[in-house]
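Sequence lines set the chain letters: A, B, ... in the order given, protein chains first and strands last, and positions in each chain run from 1.
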Amino acid sequence: MIARRDLAVRVAARSDLSPTCFRLTLAAQEPLDASPGQFGMLSCGEGFDPLLRRAFSLAGVSRQGDTTEVELLIKEVGKGTTLLRHFALGSDLRLLAPLGNGFSLDAGPHRLALVAGGIGLPPVLFAAEVLAARSTGFDLYLGATSAVELLELTRCGRATSRAGGELVLTTDDGSRGERGFVTAALARRLSEGRAYSRVLACGPTPMLAALTLLARGHGLDAELSLEEPMACGVGVCLGCVVKLADGRYVPTCKEGPVFRTSELAPGWWT
Amino acid sequence: MIARRDLAVRVAARSDLSPTCFRLTLAAQEPLDASPGQFGMLSCGEGFDPLLRRAFSLAGVSRQGDTTEVELLIKEVGKGTTLLRHFALGSDLRLLAPLGNGFSLDAGPHRLALVAGGIGLPPVLFAAEVLAARSTGFDLYLGATSAVELLELTRCGRATSRAGGELVLTTDDGSRGERGFVTAALARRLSEGRAYSRVLACGPTPMLAALTLLARGHGLDAELSLEEPMACGVGVCLGCVVKLADGRYVPTCKEGPVFRTSELAPGWWT
Amino acid sequence: MSVRLNTTVGGLALANPIMAASGTYGYGLDLLEFCPPERLGAFVTKGLSPRPRAGNPVPRIVETAAGMINAIGLQNIGVEAFCRDALPLLRQRGPVVAVNVFGERMDEYVEVIERCEREDGIAAYELNVSCPNVTAGGIEFGHDPRPLERLTGMCRAATRRQLWVKLSPNAPDLVETARAAVSGGADALTLINTLRAIAIDAERRRPVLATGCGGLSGPAIKPIALRMVWEVHKALPAVPVVGIGGVESGRDIVEFLLAGASAVQVGTAIFRDPGAPLRILSELERFCAEHGVAEVRELVGVLEWH
Amino acid sequence: MSVRLNTTVGGLALANPIMAASGTYGYGLDLLEFCPPERLGAFVTKGLSPRPRAGNPVPRIVETAAGMINAIGLQNIGVEAFCRDALPLLRQRGPVVAVNVFGERMDEYVEVIERCEREDGIAAYELNVSCPNVTAGGIEFGHDPRPLERLTGMCRAATRRQLWVKLSPNAPDLVETARAAVSGGADALTLINTLRAIAIDAERRRPVLATGCGGLSGPAIKPIALRMVWEVHKALPAVPVVGIGGVESGRDIVEFLLAGASAVQVGTAIFRDPGAPLRILSELERFCAEHGVAEVRELVGVLEWH
Ligand SMILES: Cc1cc2nc3c(=O)[nH]c(=O)nc-3n(C[C@H](O)[C@H](O)[C@H](O)COP(=O)(O)OP(=O)(O)OC[C@H]3O[C@@H](n4cnc5c(N)ncnc54)[C@H](O)[C@@H]3O)c2cc1C
Ligand SMILES: Cc1cc2nc3c(=O)[nH]c(=O)nc-3n(C[C@H](O)[C@H](O)[C@H](O)COP(=O)(O)OP(=O)(O)OC[C@H]3O[C@@H](n4cnc5c(N)ncnc54)[C@H](O)[C@@H]3O)c2cc1C
Ligand SMILES: Cc1cc2nc3c(=O)[nH]c(=O)nc-3n(C[C@H](O)[C@H](O)[C@H](O)COP(=O)(O)O)c2cc1C
Ligand SMILES: Cc1cc2nc3c(=O)[nH]c(=O)nc-3n(C[C@H](O)[C@H](O)[C@H](O)COP(=O)(O)O)c2cc1C
Ligand code: FES
Ligand code: FES
């Protein structure tokens, strides 16, 4: 296990990626080793409201001299994420990371299919950039509600072309790329006979549910990064459980957040 | 009564005045008429922790074009004031003001004695600058624990000299001005025969208690700006009461915060 | 979409479901420029006793995490001064007035009501039963079902106006006290009053408040208040409930309505924002419009339990 | 100034007064790099039942203002797995272990204790009596003094180790239940467990949590917990109390000690900060040093009431 740390971090940079999403760069003075699919629990201020930290997948970690830069891609959906969008640069926060288990990045006989829906992009982008650097081949499927919500297209494109793969864009409203859900785009290519070694995915639960069925239908191995409300992020509160195939409830923060669809109970999302 | 407003204000400027105190300049797009001794209830953020607004005496109000600038002098003592010290410039807050009744600024046969202890300065400074502009004479007594905590000395000196009065500085540790309490400096001059029409004062409760006894001893009229924990600032919660000479408890936010010592119950501070 | 905001509490029709709570809105005339009483469904006065009361020494209030504790000690101007000084001005504006009533003995409650019965412009009485019953050794009226039933019955006999009983969340058995109030003749139940609490000053090794204990209010207690409203509504579905406790937004109002409240009071929020009740009303209206709720009353008690 | 941090709870000597609370620290081995159990006065395990339990469906937790509601449903690995897998590792480190015990029937509590009696390295049992008593129609054990006394007596008969009863703040009469636990043989009382509460999802018109109700914890409840600790301490001054509820700082510990707690547990704070108990311990030490408190035990129960 990579050593967890409760890092003192500073808000080093922030930039808007879409009307609802932004990139937050956090700087720490300690090293952080993390792999794609792992996440961190980030404090959202000093007071007791909000009380709990928020979970964010790591979108990238890099070392600049003595400073570690951690990148998060965040969608503003409520109290905590609104605060994060408005903290002054230089504000001090805490990030407990890396937590959980990431994607397995082994290459296989075929390419990998990386699938991201909306703000599910961060761990998938992290995976894409690591895979590209290792020259492991993949296609990247990126879906969003509309064109403006397709995030980090330049980086997605660069990583995918380095990996010699296809970048497939979809939007629900057809304003960019193929119209419809990202899972449908994947389904089309699968039924056209495209073969993948494995699917790595993150996105809203209905998308991951659809993907579970799709993977099952094609006998495909898929790894999903799940999202459950979390209090502790370290397996002690038992708030964030998912049901496994063997009937056990396990904390997604500790045993996941990435699970193979074969481990999960058939209707894990209900 | 001057019209109360719940002003949308923006943090326009902030500067440190001492290791513990800072000046906060708030900008509003509405006019605000206020007189020295009146105060405002300032929100300290959006969440529910801290829950209540904080009371601050107005240290000055000016109009720059369409913008009203409200000045506060604040001592960092707890959760709310720490937040106020760290909000980004441009942050949006709300200020309910002007509240309560200020000092009476009428000139009399003699000069006025303005007395401020520590962070009791803001309403006294506001009064000093208004009185100086009207050429009403006063001496200004300013006390603090030590030299570095004597705030806004330049403005205090300018206003006092415009009013043809004396600026008397005291520090508890003698690091600047006369050593000892500011009330002792006043007492010395009173017993040397200096005559005042009235005392206007703000500061910690022990200082105001001492002043009450001093004023009574010299048959002097004194107006004190009191501090009680406040929830509403507008007289509805009845949290901030003080006992009057007639035995009634009245809310300091509405009937005060400035009271004449003659109105107050003899041992109002106990 | 235009939303019908009106509701009823027992026999009382209200233009909207939002009230200002007792002890947080004075006698209705303090916040005219931010929240005039006639724009509210109703407002509840500060608790009135037969004679003026000075209340407790200070400190009377202390902030806690997302809440505050108060021990005002029921300071009030007395029913006579209310009827003489405040009521005529209120009558000119025409709000729905509920008088919050308390006493140290049962007959004091009746005394307040009888004085008010001589006046027009009062729609309801809300009995604050979280007061020590001096003749019963200081146990709160609201803690023991039998005396509570008797108290409610005595007040019932004194008026044909609406009678609400404001329950204490500190009572041993909430549903039993609710039943007692109803069988004593209450038209509706208000819940909850503040939760008994202490703040301690670690420096001085004393309670912060002069009286030691006080009552906790504000967002901190909302989850407990919602649970209690739901419990009482489930046990006594025919009894109208006025919900209260930590309401800060239109969404909070919806939550209380879903849990079974026919109307909702806003208390501590007024201290944060003197215009809170009206802001919350417009948030409620917007919520309903955005969610296809044509009438606020549709929401009452329709929480789906699993 | 060096501060003596040690304390005792009943017959148990502790190196310092800070414990990790049940349900917030796993089985003591999850946070080794942030807060090793042997540095604490003691830690309390997640509640153990005779057999493993799967717990409730999700959502199990929801944040509220300065608090959270949980309905974990007492998921646990069962006493057997605890004794087999966790306890040997714990014994190597040497913390003071308190096992939190619950069951659906009285004999299940005894079953857990009996299994643990076969093991070294357990100092105390803490009975979680906020569980529905299946044989008594689902009323919580902690709500009714007589069954509580009997349950405590049965557990008392099963062990000579320290026996703590963790009281429910939802009980009709806190002091009566406290008395019942003591006369059943409890060495100390832990209070408080979580307050029953609901969060409502206004969009879905349902409770947020899958089970509907849950338990409120965190800073929001601290003023209520302090009041309850003080009430029980005043009524039963000779009975050791372990205080708990919303502790986030060393100053909070001092407040609980002043109110009468001999030791204090830290729960929800661990979710915000995995090192919270140790941070709080060092804050406590600093507070004492700065305030001339040579021994933490001086503080217990010395709150000056007016
Ligand atoms: C492992 C993991 C990785 C995540 N990665 C990302 C990411 O990279 N980028 C991103 O924008 N979001 C991510 N999320 C979701 C993110 O945690 C929530 O959007 C965030 O907690 C919402 O907080 P809020 O205060 O703004 O919203 P509120 O709705 O005000 O939050 C209220 C409470 O609900 C919880 N909550 C609300 N939505 C979610 C959710 N979807 N998942 C978990 N808890 C939730 C919050 O933690 C909080 O306790 C991730 C979640 C998990 C579990
Ligand atoms: C009429 C009036 C005018 C004031 N003017 C000024 C001023 O010009 N500059 C300045 O620095 N301070 C002033 N104060 C004091 C200021 O309100 C408090 O210092 C501030 O509320 C502390 O908030 P906090 O969150 O930092 O401290 P905390 O101790 O965390 O506050 C906790 C609670 O106690 C209350 N409280 C704490 N100290 C005081 C106090 N001294 N008076 C009233 N309530 C208190 C807070 O409002 C809050 O509810 C004034 C107070 C009053 C009543
Ligand atoms: C300062 C203050 C004074 C109060 N006075 C009264 C009162 O006189 N009578 C009464 O029945 N309730 C009184 N209450 C209780 C409130 O009406 C309400 O029940 C409680 O505060 C919970 O609601 P909230 O969280 O919205 O404030 C008072 C509350 C506060 C905070
Ligand atoms: C997620 C969670 C799980 C809990 N599980 C248990 C438990 O198994 N047994 C128990 O006696 N108390 C349990 N509790 C209650 C806590 O031990 C504690 O009494 C309560 O949370 C109040 O303290 P706090 O505010 O410091 O968290 C749990 C609390 C939480 C938040
Ligand atoms: S978030 Fe606490 S166990 Fe996963
Ligand atoms: S602060 Fe509410 S009455 Fe003065």
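- Residue contact with chain C, scored on non-hydrogen atoms closer than 4.5 Å, involves the side chain of D:Leu299 exclusively.
- With a threshold of 4.5 angstrom between heavy atoms, D:Val302 approaches chain C through its backbone and through its side chain.
- Considering CD1 of D:Ile253 and CG of D:Leu257, their distance stands at 6.5 Å, rounded to 0.5 Å.
- Smallest separation of non-hydrogen atoms from C:Val229 and C:Gly243: CG2-CA, 4.1 Å.
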Distance-only donor-acceptor pairs under 3.5 Å across chain D and chain C:
{"residue": "D:Arg196", "atom": "O", "partner": "C:Arg227", "partner atom": "NE", "Å": "2.9"}
{"residue": "D:Arg196", "atom": "O", "partner": "C:Arg227", "partner atom": "NH2", "Å": "3.2"}
{"residue": "D:Arg196", "atom": "NE", "partner": "C:Glu231", "partner atom": "OE2", "Å": "3.4"}
{"residue": "D:Arg196", "atom": "NH2", "partner": "C:Glu231", "partner atom": "OE2", "Å": "3.0"}
{"residue": "D:Ile198", "atom": "N", "partner": "C:Pro223", "partner atom": "O", "Å": "2.9"}
{"residue": "D:Glu203", "atom": "OE1", "partner": "C:His291", "partner atom": "NE2", "Å": "2.7"}
{"residue": "D:Glu203", "atom": "OE2", "partner": "C:Arg251", "partner atom": "NH1", "Å": "3.1"}
{"residue": "D:Glu203", "atom": "OE2", "partner": "C:Arg251", "partner atom": "NH2", "Å": "2.9"}
{"residue": "D:Glu203", "atom": "OE2", "partner": "C:His291", "partner atom": "NE2", "Å": "3.1"}
{"residue": "D:Arg205", "atom": "O", "partner": "C:Glu304", "partner atom": "N", "Å": "2.8"}
{"residue": "D:Arg206", "atom": "NH2", "partner": "C:Glu304", "partner atom": "OE1", "Å": "3.3"}
{"residue": "D:Leu209", "atom": "O", "partner": "C:His306", "partner atom": "NE2", "Å": "3.4"}
{"residue": "D:Pro223", "atom": "O", "partner": "C:Ile198", "partner atom": "N", "Å": "3.0"}
{"residue": "D:Arg227", "atom": "NE", "partner": "C:Arg196", "partner atom": "O", "Å": "2.9"}
{"residue": "D:Arg227", "atom": "NH2", "partner": "C:Arg196", "partner atom": "O", "Å": "3.2"}
{"residue": "D:Glu231", "atom": "OE2", "partner": "C:Arg196", "partner atom": "NE", "Å": "3.4"}
{"residue": "D:Glu231", "atom": "OE2", "partner": "C:Arg196", "partner atom": "NH2", "Å": "3.0"}
{"residue": "D:Arg251", "atom": "NH1", "partner": "C:Glu203", "partner atom": "OE2", "Å": "3.1"}
{"residue": "D:Arg251", "atom": "NH2", "partner": "C:Glu203", "partner atom": "OE2", "Å": "2.9"}
{"residue": "D:His291", "atom": "NE2", "partner": "C:Glu203", "partner atom": "OE1", "Å": "2.7"}
{"residue": "D:His291", "atom": "NE2", "partner": "C:Glu203", "partner atom": "OE2", "Å": "3.1"}
{"residue": "D:Glu304", "atom": "N", "partner": "C:Arg205", "partner atom": "O", "Å": "2.8"}
{"residue": "D:Glu304", "atom": "OE1", "partner": "C:Arg206", "partner atom": "NH2", "Å": "3.3"}
{"residue": "D:His306", "atom": "NE2", "partner": "C:Leu209", "partner atom": "O", "Å": "3.4"}

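- Annotation: side chain of C:Leu191 is not in contact with side chain of C:Pro169 (no heavy-atom distance under 4.5 Å).
- Nearest approach of C:Ala171 to C:Gly142, heavy atoms of both residues: CB-O, 3.5 Å.
- Ranked by non-hydrogen atom pairs under 4.5 Å with chain C, the options D:Pro223, D:Ala66, D:Ala220, D:Ala197 are led by D:Pro223.
- If you measure heavy-atom distances from D:Ile224 to chain C, the contacts under 4.5 Å come from both the backbone and the side chain.
- Of the two parts of D:Phe256, neither the backbone nor the side chain holds a non-hydrogen atom closer than 4.5 Å to a non-hydrogen atom of chain C.
- Comparing C:Pro219, C:Cys213, C:Ala202 by heavy-atom pairs within less than 4.5 Å of chain D, the highest count is held by C:Ala202.
- Interface remark: D:Ala210 contributes backbone atoms only to the contact with chain C (heavy atom separation under 4.5 Å).
- Both the backbone and the side chain of C:Leu303 come within less than 4.5 Å of a heavy atom in chain D.
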> Given C:Ile72 and C:Ile61, is the side-chain contact (heavy atoms from CB on, under 4.5 Å) satisfied, shown in steps?
Replying inline: CA-CA 8 Å; C:Ile72 305 302; C:Ile61 52 171; 4.2 Å; yes

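- Of all heavy-atom pairs spanning D:Val241 and D:Gly260, the tightest one is CB-O, 3.9 Å.
- In this structure, the separation between CD1 on D:Ile18 and CD1 on D:Ile280 is 6.0 Å, given to the nearest 0.5 Å.
- Put simply, the side chain of D:Leu167 does not reach to within 4.5 Å of the side chain of D:Ile192, judged on heavy atoms.
- Shown here for C:Val9 and C:Ala263, the closest heavy-atom pair between the two residues is CG2-CB, 3.6 Å.
- The shortest non-hydrogen separation linking C:Gly212 to C:Ile198 is O-CG2, 4.2 Å.
- For D:Val293, the part sitting under 4.5 Å from any heavy atom of chain C is the side chain, from C-beta outward, and nothing else.
- Minimum interatomic distance between D:Ile221 and D:Gly245 (heavy atoms only, all atoms of both residues): CD1-CA, 4.0 Å.
- The part of D:Leu258 that comes within reach of chain C is its side chain, from C-beta onward, which places non-hydrogen atoms under 4.5 angstrom from that chain.
- For a residue to count as touching a neighbouring chain, one of its non-hydrogen atoms must lie under 4.5 Å from one of that chain's; by this rule D:Leu209 touches chain C with the backbone only.
- The part of C:Leu195 that comes within reach of chain D is its side chain, from C-beta onward, which places non-hydrogen atoms under 4.5 angstrom from that chain.
- Residues C:Pro17 and C:Leu284 form a side-chain contact, since some pair of their non-hydrogen atoms from C-beta on lies under 4.5 Å apart.
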